[in-house]
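The structure appears right after this line, and notes come after that.
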Amino acid sequence: MEKTYQPQAIEGKHYQRWEENNYFQPSGQGDSYCIMIPPPNVTGSLHMGHAFQQTLMDALTRYHRMAGRNTLWQPGSDHAGIATQMVVERQLARDGISRHDLGRETFIDRVWQWKEESGNSITGQMRRLGDSVDWSRERFTMDEGLSNAVREVFVRLYEDDLIYRGKRLVNWDPKFHTAISDLEVESKEEQGSLWHFRYPLADGAKTAEGKDYIVVATTRPETMLGDTLVAVNPEDERYTNLVGKEVELPLVGRRLKIVADDYVDLEFGTGCVKITPAHDFNDYEVGKRHGSVLLNIFDQDAAVLAEAEAYDYQGKPVDYDTALPAGFAGLDRFEARKKIVADFDAAGLLDSIKDHTLMVPRGDRSDAVIEPWLTDQWYVSAKPLAEPTIKAVENGDIQFVPKQWENTFFAWMRDIQDWCISRQLWWGHQIPAWYDNEGSFYVGRSEADVREKHNLGSDVALTQDEDVLDTWFSSALWTFSTLGWPDDTEMLKTFHPTDVLVTGFDIIFFWVARMMMMTMHFIKDDDGKPQVPFKQVYITPLIRDENGQKMSKSKGNVIDPIDLIDGISADDLVAKRTYGLMQPKLEQKIEKATRKAFPDGMEPSGTDALRFTLTAMASQGRDVNFDVKRLEGYRNFCNKIWNAARYVQMNTEGEDCGQNGGDVELTLADRWIISGLQRLEADLERYYSNYRFDLMSQALYEFIWNEYCDWYLELSKPVLWDDNASAERKRGTRRTLVRVLETLLRLAHPVMPFITEEIWLSIKDLAGKTGDTIMLQPYPRADETKIDATAEADAEWLKGVIVGIRNIRGEMNIAPGKELPVLFQNGSSEDQRRLQENETFLKTLAKLESITWLNEGDDAPPASTQLVGQLKVLVPLAGLIDVAAEQARLSKAIDKAKQDLARVEGKLSNESFVSKAPEAVIAKEREKAEALAASVRELEGQLTQLDELG
RNA sequence: AGGACUAUAGCUCAGUUGGUUAGAGCGCUACCUUGACAUGGUAGAGGUCUCCAGUUCGAGUCUGGAUAGUCCUACCA
């Protein structure tokens, strides 16, 4: 083995071998265990969030595989309709081509080409991360099988009246020319104005104040072209007399009825609201209540039409005055706004303009202001689908971890709105509906299916709906479509319901909830009970940068996990972060921040260190800040493991390690480390079951570094280097050394697959193990019979004595190499036994020249003292120790002990504590008080002696 | 507007059903290249657990309130 840990030298070769040997495929033995990967967007690349979640999924997968489960981790990717189409359109735009220049078919071919390129880079990254997914089952949401499932689901939902088509207000993205769902709209606070317009009252009506006009306030003046009503609050005495009267809409000349509606807030603005039912969601409802028409004034670019379009609430065209004033046709909505305001001003009808902060809805992909727009779209009735999922979470069939996320889920689910699933895009699953020339439509699995079902001869021309389905529609089927549904496959029977979904809270609504709805509707047990898609949902925190900022390309703080693994120079990192920015002016800012955060770029840390870091950060919070410092610490941990293994190998290779039997004698150190190992195994099992990856990795770190390396390896040296030690004793130590190491490797393997495999292969023979890979070895389980309380107590004593002596060395500035004589005073027979059994350990680890046991009455020389229980460990002063320094040290120790004693005695003298606290707690406090009092006595005695001496 | 979450060492974070002296990594101080490891070892410094009140024999932990921050949902034209 190399002297230092070189991750790049050992990673990679193992992955290829694992994959070639099909180790990632389900074994076919044992109970099933299945995780479906949240399919990454096929045109993206993996970021820290993916690395984080995939590490946790891989750890779970490897753990359960080793624990004997029939394990499947299903990989795949998502076609990400709008995002992908956008990327490819942007590529085309560089050559001045639009998708319309290419035509639908050619454009889609281009997207497929890009998918091939990009998809390969993702799967490459996943391999670098060590993901043990079953590549033979890789799926893509646009695969034939999955597309078939999408069609099947669409048709069945339609037949169940759970999908319908209708002309409704939707969130329209005027940039991408598509409808989007509520979830894809992000409202942000922006500065705007509140314009107050005067609407003249018709037929000579007057307000209570005697004015011949009323004032309406609006943040969107351009929508006045589509006004159909004016509303006031029924309780508003200022306007009671006007309800039922009309106003004449300026510029347009249309007459609007004044209606009373609770929706209007008396306090806000003027208390009069203009109602534009076809361009505002609230107005839509108001209009519906008052029998208004829907008056659409915009085209798909949100530019003003030459003539408005009027519909009733069933979406049927109706007769209505649709004339619009001249000069607006073709104007963009913001241009139209300016002109409207100017025209009102010119007409003397602009009452006032006030600054106003409002929430502006923007498309999460396009950033364009979303326009509520009347279009024909397809919807899923969400409520009936949501009900069973709410029950499933309520009764525990599906559990969220951490549990608090169930509240988030319920809040959304109980107030769920119908889901607009059609998108006016080219890239995606085309909607399986066909139209004839009469305006009728037919839903079916294919054109032929439709013709057959509806007796449509070849003389009837049919054209398929041009729209595609929302990406989340196909990913909502992910848990069962990947397993072969709608066919009744063996895979489905074996692995569904899956065990756990590992994902972030940001897609609970987008994906998790919808997956639950679809799965429970379509997948049923033999007795008809709906199957859940997964039994648990583990919600991971979100990864942010070291300052708590969300990682994003535009902030220039994105970290590519591969850069952490391989390292990257500062120049390359800057180049990467500033490449292809949407806003080039950010370049300097990003370069500056990057050079400040990573002046020397990033050191290569290897996959195992990265994975361990990510695991250690997986606490129960909402987000975690990724700090590269932490990664460095865990890279050192890998080096520690590496070197510990080297030590073990150097001391066992070619030696008898008991793999072929033979008597062994176990030392205290052996029994102690074996005992501790059982506790570790039990802890890890618990941490896996409750998804406490942070505690799991902390437990591993702690045991390997602070127990096994710091103490056990050191304790093995006196045995192995002792020419007089018996063969049994040496064999026992070597066997323990190598067996504990081998066990630790298996325990750590799910988190650190590469280093553990590398070391395991080189020491497996010494441990008497066979097999070609650690990843198929059994996961260690605790054996309670090996927990040895006596050994643990003895070891604590031994460590206490050694640390005590080291403490004196440290504080008295005695050279570490200087061999010391020590004396033991006031020891019990137990202390004496422990000394006899462990004299060699003590002498070696504390670097002692001699140990003298003082019986009662024996004189002790002036010395520096440490207490280990009642036992006094004395290091004689002569020639070694500064009396003043020792006095200071003792005083400090006495103060500390007195303080503690005072607190404990305070507790014990408290009447109510003694009468109300449990026996065990009181007894503990009593013991503590006694021990502290004894310590104070002893230390004060020592101090007095020194004072006499000085 | 409603709801959720967070506040612990200089920094990033653990702290399970209330019960020893509140822990880890990084950073900091001193000493040490000793035959696994300087990506290391030994010893050490550093915390009024945001604030106030309450429950309790006992609160970092439970309850109420305040302050600060983050997020989600909804939205007044």
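Numbers restart at 1 for each chain; the letters A, B, ... are given by sequence-line order, proteins then strands.
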Starting the side chain at C-beta, find the nucleotide from B/U39, B/U73, B/A77 nearest to A/Phe509. B/U73
Mate of B/C5 across any strand shown (Watson-Crick or G-U wobble, both atom pairs under 3.5 Å) is B/G69
On the nucleotide B/U21, are OP1 or OP2 found under 4.0 Å from the side-chain N or O atoms that A/Arg903 carries? yes
A/Lys640 side chain near B/G40 phosphate (N/O to OP1/OP2, under 4.0 Å): no
Select base, sugar-phosphate, or nothing to describe what A/Ile275 touches, counting heavy atoms under 4.0 Å on all strands. nothing
Side-chain contact check for A/Met650: nearest option of B/U21, B/A36, B/G40 is B/A36
Strictly below 4.0 Å, N to O, side chains only: are A/Arg679 and A/Asp683 in salt-bridge contact? no
Which nucleotide in the set B/A77, B/C57, B/C37 lies at the smallest distance from any side-chain heavy atom of A/Thr219? B/A77
Measure from the side chain of A/Leu713, starting at C-beta and using heavy atoms only, and say which of B/A36, B/C57, B/A77 lies closest. B/A36
Does A/Asn643 make a side-chain N or O approach to OP1 or OP2 of B/U39 shorter than 4.0 Å? no
Among B/U39, B/C75, B/A77, which nucleotide sits nearest the side chain of A/Met359? B/C75
Side chain of A/Trp705 only, please: which of B/G40, B/A77, B/G25 is the nearest? B/G40
Can a side chain N or O of A/Lys717 be found less than 4.0 Å away from OP1 or OP2 on B/A36? yes
Re B/U42: Watson-Crick or G-U wobble partner, both distances kept under 3.5 Å, found to be B/A30
Are the side chains of A/Met752 and A/Phe637 in contact, using a 4.5 Å heavy-atom criterion? yes
Between A/Asp694 and A/Arg692, is there a salt bridge with N-O shorter than 4.0 Å? yes
For nucleotides 2-15 of chain B, read 5' to 3', which letter fits each nucleotide if B means a protein heavy atom sits under 4.0 Å from the base, S means only the sugar-phosphate is that close, and - means neither? ---S------SSSS
For residues A/Arg238 and A/Val232, determine if any side-chain heavy atom of one lies less than 4.5 Å from a side-chain heavy atom of the other. no
May I ask you to decide if the ring planes of A/Tyr691 and A/Tyr538 are parallel, tilted or perpendicular, using 30° and 60° as cut-offs? parallel
Go through B/G19, B/A36, B/U21 for me and flag the one nearest to the A/Pro918 side chain. B/G19
When A/Lys799 is tested against each of A/Glu792, A/Glu707, A/Glu714 for salt bridge (Lys or Arg N to Asp or Glu O under 4.0 Å), which residue passes? A/Glu707
Does some side-chain heavy atom of A/Trp711 sit less than 4.5 Å from a side-chain heavy atom of A/Ile673? no
If you check every side-chain atom of A/Ser187, which of B/A77, B/C75, B/U39 has the closest atom? B/C75
Nearest-nucleotide pick for A/Asp710, side chain only, options being B/A36, B/A77, B/U42: B/U42
Taken to the nearest whole Å, CG/A/Leu183 to C1'/B/C72 is 11 Å
Testing B/U21, B/A77, B/A36 for proximity to the side chain of A/Val904, the answer is B/U21
